[in-house]
Amino acid sequence: MKKQMAATYGVIGLGRFGTALATTLAKAGKEVIVIDRIESKVKEMRQYTDYAFVVDELSEQAMRETGIQNCDVVIVCIGEKVDVSILTTMSVLEMGVPRVITKAISQEQGAVLHRIGAEVVYPERDMALRLGKQLISGNFLDYISLDNSVEIRQIQVPDRFVGHSIMEIELRPKFGLNIIALKSDHETTIEVNPGYRFKKDDVITVIGKIDNIDKFERTL
(Lines give C-alpha, C1' and ligand atoms only; values in the text may rest on other atoms or scores of the structure.)
Protein backbone atom coordinates (compact mmCIF):
# COMPACT_ATOMS: atom_id res chain seq x y z
CA MET A 1 0.00 0.00 0.00
CA LYS A 2 1.44 3.34 -1.04
CA LYS A 3 1.68 6.07 1.53
CA GLN A 4 -0.90 8.80 1.00
CA MET A 5 -0.77 12.48 1.94
CA ALA A 6 -3.17 11.80 4.82
CA ALA A 7 -1.76 9.96 7.82
CA THR A 8 -2.07 6.18 7.73
CA TYR A 9 -2.33 3.96 10.78
CA GLY A 10 -1.49 0.39 11.71
CA VAL A 11 -3.06 -1.49 14.61
CA ILE A 12 -1.47 -4.75 15.73
CA GLY A 13 -3.64 -6.83 18.04
CA LEU A 14 -7.44 -6.82 18.01
CA GLY A 15 -8.33 -7.17 21.64
CA ARG A 16 -10.88 -4.78 23.12
CA PHE A 17 -8.46 -1.87 23.06
CA GLY A 18 -7.11 -2.52 19.57
CA THR A 19 -10.54 -3.17 18.06
CA ALA A 20 -12.03 -0.02 19.55
CA LEU A 21 -9.06 2.04 18.40
CA ALA A 22 -9.03 0.65 14.85
CA THR A 23 -12.80 1.06 14.51
CA THR A 24 -12.64 4.66 15.70
CA LEU A 25 -9.88 5.53 13.23
CA ALA A 26 -11.62 3.79 10.32
CA LYS A 27 -14.99 5.43 11.04
CA ALA A 28 -13.21 8.78 11.01
CA GLY A 29 -12.16 8.07 7.43
CA LYS A 30 -8.54 7.20 8.21
CA GLU A 31 -6.64 4.55 6.28
CA VAL A 32 -5.99 1.71 8.72
CA ILE A 33 -4.09 -1.58 8.49
CA VAL A 34 -5.10 -4.10 11.16
CA ILE A 35 -3.33 -7.32 12.08
CA ASP A 36 -4.32 -10.18 14.35
CA ARG A 37 -3.81 -13.95 14.48
CA ILE A 38 -7.51 -14.71 15.08
CA GLU A 39 -9.41 -14.87 11.80
CA SER A 40 -12.83 -14.06 13.27
CA LYS A 41 -11.56 -10.77 14.70
CA VAL A 42 -9.95 -9.84 11.39
CA LYS A 43 -13.14 -10.67 9.46
CA GLU A 44 -15.13 -8.43 11.79
CA MET A 45 -12.81 -5.51 11.00
CA ARG A 46 -13.18 -5.94 7.22
CA GLN A 47 -16.43 -4.01 7.37
CA TYR A 48 -14.34 -0.97 8.34
CA THR A 49 -11.10 -1.42 6.37
CA ASP A 50 -9.90 -3.28 3.30
CA TYR A 51 -6.54 -3.80 4.94
CA ALA A 52 -7.29 -6.42 7.60
CA PHE A 53 -4.82 -9.31 7.76
CA VAL A 54 -4.51 -12.61 9.60
CA VAL A 55 -0.90 -13.03 10.72
CA ASP A 56 -0.11 -16.14 12.75
CA GLU A 57 3.43 -15.15 13.68
CA LEU A 58 4.40 -11.52 14.12
CA SER A 59 7.77 -11.77 12.41
CA GLU A 60 9.13 -8.73 10.61
CA GLN A 61 8.74 -10.46 7.25
CA ALA A 62 5.11 -11.40 7.91
CA MET A 63 4.27 -7.86 8.97
CA ARG A 64 6.06 -6.36 5.96
CA GLU A 65 3.82 -8.41 3.68
CA THR A 66 0.81 -6.49 5.05
CA GLY A 67 2.44 -3.14 4.21
CA ILE A 68 2.42 -1.93 7.79
CA GLN A 69 5.91 -0.47 7.36
CA ASN A 70 4.33 2.22 5.18
CA CYS A 71 2.17 3.57 8.01
CA ASP A 72 2.86 6.91 9.65
CA VAL A 73 1.74 5.60 13.04
CA VAL A 74 1.61 2.02 14.32
CA ILE A 75 -0.07 1.11 17.61
CA VAL A 76 0.93 -2.21 19.17
CA CYS A 77 -1.98 -3.43 21.30
CA ILE A 78 -0.57 -6.64 22.82
CA GLY A 79 -0.11 -5.55 26.41
CA GLU A 80 -0.85 -8.90 28.08
CA LYS A 81 1.91 -10.86 26.28
CA VAL A 82 4.89 -8.84 27.39
CA ASP A 83 7.55 -10.66 25.35
CA VAL A 84 5.49 -10.54 22.15
CA SER A 85 4.67 -6.88 22.77
CA ILE A 86 8.32 -5.90 23.15
CA LEU A 87 9.58 -7.98 20.20
CA THR A 88 6.80 -6.71 17.92
CA THR A 89 7.50 -3.13 18.92
CA MET A 90 11.21 -3.60 18.18
CA SER A 91 10.39 -5.03 14.75
CA VAL A 92 8.10 -2.14 13.86
CA LEU A 93 10.70 0.39 15.00
CA GLU A 94 13.36 -1.35 12.90
CA MET A 95 11.07 -1.05 9.86
CA GLY A 96 11.42 2.70 10.17
CA VAL A 97 7.83 3.59 11.11
CA PRO A 98 7.98 7.25 12.22
CA ARG A 99 5.77 6.88 15.29
CA VAL A 100 5.22 3.69 17.30
CA ILE A 101 2.82 3.63 20.26
CA THR A 102 2.58 0.55 22.45
CA LYS A 103 0.06 -0.49 25.08
CA ALA A 104 1.57 -1.50 28.44
CA ILE A 105 -0.02 -3.06 31.49
CA SER A 106 2.78 -2.40 33.98
CA GLN A 107 5.37 0.26 34.72
CA GLU A 108 8.15 -2.29 34.14
CA GLN A 109 6.87 -3.18 30.70
CA GLY A 110 6.38 0.48 29.90
CA ALA A 111 9.94 1.32 30.96
CA VAL A 112 11.37 -1.26 28.55
CA LEU A 113 9.15 -0.11 25.69
CA HIS A 114 10.07 3.52 26.31
CA ARG A 115 13.77 2.62 26.36
CA ILE A 116 13.64 0.99 22.93
CA GLY A 117 11.98 4.05 21.43
CA ALA A 118 8.20 3.59 21.64
CA GLU A 119 5.58 5.92 23.07
CA VAL A 120 3.76 4.12 25.86
CA VAL A 121 0.09 4.21 26.86
CA TYR A 122 -1.53 2.60 29.90
CA PRO A 123 -5.25 2.20 29.04
CA GLU A 124 -6.25 0.40 32.25
CA ARG A 125 -4.34 2.79 34.49
CA ASP A 126 -5.70 5.83 32.68
CA MET A 127 -9.26 4.51 32.91
CA ALA A 128 -8.77 3.86 36.63
CA LEU A 129 -7.50 7.43 37.12
CA ARG A 130 -10.45 8.81 35.18
CA LEU A 131 -12.93 6.75 37.23
CA GLY A 132 -11.22 7.76 40.45
CA LYS A 133 -11.51 11.44 39.59
CA GLN A 134 -15.19 10.99 38.74
CA LEU A 135 -15.85 9.26 42.07
CA ILE A 136 -13.95 11.88 44.07
CA SER A 137 -15.63 14.86 42.43
CA GLY A 138 -19.29 14.86 41.49
CA ASN A 139 -18.63 17.82 39.17
CA PHE A 140 -15.76 16.24 37.20
CA LEU A 141 -16.59 15.23 33.61
CA ASP A 142 -13.36 14.67 31.68
CA TYR A 143 -9.71 15.71 31.53
CA ILE A 144 -6.55 15.82 29.42
CA SER A 145 -3.19 15.59 31.15
CA LEU A 146 -0.59 17.89 29.56
CA ASP A 147 2.19 16.72 31.88
CA ASN A 148 2.55 15.62 35.49
CA SER A 149 1.44 18.99 36.85
CA VAL A 150 -0.96 20.59 34.34
CA GLU A 151 -4.38 19.44 33.15
CA ILE A 152 -7.27 20.56 31.02
CA ARG A 153 -10.44 19.52 32.85
CA GLN A 154 -14.17 19.71 32.14
CA ILE A 155 -16.29 20.61 35.17
CA GLN A 156 -20.03 20.78 35.62
CA VAL A 157 -20.96 24.22 36.97
CA PRO A 158 -22.54 23.73 40.43
CA ASP A 159 -25.99 25.10 41.18
CA ARG A 160 -24.59 27.71 43.57
CA PHE A 161 -22.72 29.37 40.67
CA VAL A 162 -25.89 29.75 38.59
CA GLY A 163 -26.64 33.46 38.12
CA HIS A 164 -23.09 34.50 39.05
CA SER A 165 -20.65 35.83 36.47
CA ILE A 166 -17.28 34.32 35.63
CA MET A 167 -15.64 37.43 37.07
CA GLU A 168 -17.54 37.07 40.34
CA ILE A 169 -16.36 33.54 41.08
CA GLU A 170 -12.73 34.78 40.80
CA LEU A 171 -11.41 31.57 39.29
CA ARG A 172 -8.10 33.09 38.18
CA PRO A 173 -7.15 35.21 41.22
CA LYS A 174 -8.28 32.61 43.78
CA PHE A 175 -7.19 29.38 42.10
CA GLY A 176 -4.85 30.33 39.24
CA LEU A 177 -7.17 28.73 36.66
CA ASN A 178 -8.27 29.92 33.25
CA ILE A 179 -11.53 29.03 31.52
CA ILE A 180 -10.72 28.10 27.91
CA ALA A 181 -14.19 26.92 26.83
CA LEU A 182 -17.80 27.16 27.94
CA LYS A 183 -20.62 24.81 26.95
CA SER A 184 -24.13 26.18 27.41
CA ASP A 185 -27.39 25.07 25.79
CA HIS A 186 -25.52 22.41 23.76
CA GLU A 187 -23.22 25.02 22.21
CA THR A 188 -19.52 25.45 23.00
CA THR A 189 -17.60 28.71 22.75
CA ILE A 190 -13.90 29.44 23.28
CA GLU A 191 -14.49 33.21 23.43
CA VAL A 192 -15.53 33.38 27.06
CA ASN A 193 -16.86 36.73 28.29
CA PRO A 194 -15.88 37.45 31.93
CA GLY A 195 -19.30 39.03 32.40
CA TYR A 196 -21.16 35.88 31.35
CA ARG A 197 -23.56 34.64 34.03
CA PHE A 198 -23.74 30.90 34.49
CA LYS A 199 -26.87 28.93 33.68
CA LYS A 200 -27.99 25.58 35.03
CA ASP A 201 -26.14 22.63 33.40
CA ASP A 202 -23.33 24.79 32.02
CA VAL A 203 -19.95 23.09 31.62
CA ILE A 204 -16.62 24.91 31.84
CA THR A 205 -13.26 23.70 30.56
CA VAL A 206 -10.39 24.96 32.69
CA ILE A 207 -6.63 24.76 32.37
CA GLY A 208 -4.19 24.97 35.25
CA LYS A 209 -2.04 23.12 37.72
CA ILE A 210 -3.60 19.86 38.93
CA ASP A 211 -3.33 20.89 42.59
CA ASN A 212 -5.18 24.13 41.85
CA ILE A 213 -7.96 22.36 39.94
CA ASP A 214 -8.32 19.83 42.76
CA LYS A 215 -8.47 22.68 45.28
CA PHE A 216 -11.19 24.40 43.24
CA GLU A 217 -13.23 21.20 42.93
CA ARG A 218 -13.05 20.64 46.69
CA THR A 219 -14.79 23.99 47.17
CA LEU A 220 -17.68 22.81 44.99
Side-chain angles (χ1 to χ4, degrees), residues 1-130 142-148 150-152:
M1 182 176 63
K2 295 181 180 180
K3 183 181 287 189
Q4 306 295 318
M5 291 297 292
T8 56
Y9 299 86
V11 175
I12 302 175
L14 292 174
R16 285 176 294 180
F17 177 70
T19 298
L21 176 61
T23 302
T24 300
L25 291 169
K27 285 184 175 180
K30 304 300 181 182
E31 192 169 84
V32 186
I33 296 176
V34 297
I35 295 175
D36 198 272
R37 62 182 181 84
I38 299 176
E39 187 173 357
S40 61
K41 292 183 177 182
V42 173
K43 283 184 176 179
E44 182 68 22
M45 282 304 304
R46 285 181 181 149
Q47 64 183 302
Y48 302 111
T49 176
D50 294 331
Y51 306 105
F53 301 96
V54 178
V55 177
D56 292 325
E57 184 180 348
L58 291 172
S59 65
E60 182 174 334
Q61 180 58 38
M63 288 190 289
R64 280 187 180 277
E65 290 175 2
T66 70
I68 205 162
Q69 72 276 7
N70 296 319
C71 293
D72 299 291
V73 183
V74 170
I75 307 96
V76 181
C77 309
I78 319 173
E80 293 76 11
K81 297 182 179 179
V82 177
D83 55 340
V84 178
S85 170
I86 293 170
L87 291 172
T88 302
T89 300
M90 289 178 64
S91 295
V92 175
L93 286 164
E94 288 171 0
M95 291 181 201
V97 173
R99 186 180 182 191
V100 180
I101 304 169
T102 305
K103 169 188 171 182
I105 58 173
S106 69
Q107 292 292 335
E108 293 78 11
Q109 180 186 3
V112 173
L113 292 165
H114 181 73
R115 195 169 299 155
I116 64 177
E119 296 179 40
V120 182
V121 293
Y122 300 88
E124 292 184 356
R125 183 200 66 180
D126 292 345
M127 182 55 70
L129 289 172
R130 192 178 300 274
D142 204 352
Y143 79 103
I144 298 173
S145 178
L146 300 183
D147 59 31
N148 291 329
V150 178
E151 281 185 1
I152 297 173

Which donor-acceptor pairs under 3.5 Å do the side chains of residues 112-122 make with protein atoms, sequence neighbours left out?
| residue | atom | partner | partner atom | Å |
| --- | --- | --- | --- | --- |
| Glu119 | OE1 | Arg99 | NE | 3.4 |
| Glu119 | OE1 | Arg99 | NH2 | 3.1 |
| Glu119 | OE2 | Arg99 | NE | 2.7 |

For residues 20-27, please give each side-chain donor-acceptor pair under 3.5 Å, one per line with the distance, not counting sequence neighbours.
| residue | atom | partner | partner atom | Å |
| --- | --- | --- | --- | --- |
| Thr23 | OG1 | Thr19 | O | 2.7 |
| Thr24 | OG1 | Ala20 | O | 2.8 |

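With sequence neighbours excluded, the residues forming a salt bridge (charged side-chain N to carboxylate O under 4.0 Å, His left out) with Glu60 are Arg64, listed by chain and number.
A donor-acceptor contact shorter than 3.5 Å links the side chain of Asp36 to the backbone of Leu14.
Heavy atoms of other residues, nucleotides or ligands lying less than 6.0 angstrom from CZ of Arg37 number 12 at most. Glu39 CD: 12 or fewer foreign heavy atoms inside a 6.0 Å radius.
Closest approach of Met63 and Ile35 over heavy atoms only: CG-CD1, 4.3 Å. Residues Val55 and Ala62 share a closest heavy-atom pair of CG1-CB, 3.8 Å. In this structure, Val97 and Asp72 approach most closely via the heavy-atom pair CG1-O, 4.0 Å. For the residue pair Arg46 and Ala52, the shortest heavy atom distance occurs at NH2-O, 3.1 Å.
A heavy-atom distance below 4.5 Å is not found between the side chains of Thr66 and Tyr51. Between Cys71 and Ile33 there is a side-chain heavy-atom pair separated by less than 4.5 Å.
In this structure, SG in Cys77 is found 9.0 Å from CD1 in Ile101, a value given to the nearest 0.5 Å. Separating the CD1 atom in Ile105 from the NZ atom in Lys81 is a distance of 12.0 Å, to the nearest 0.5 Å. Annotation: the span from Met95 atom CE to Asn70 atom CG amounts to 10.5 Å, rounded to 0.5 Å.
The residue from Ile12, Val76, Thr89, Leu58 that alone fulfils the side-chain contact (heavy atoms from CB on, under 4.5 Å) condition with Val84 is Leu58.
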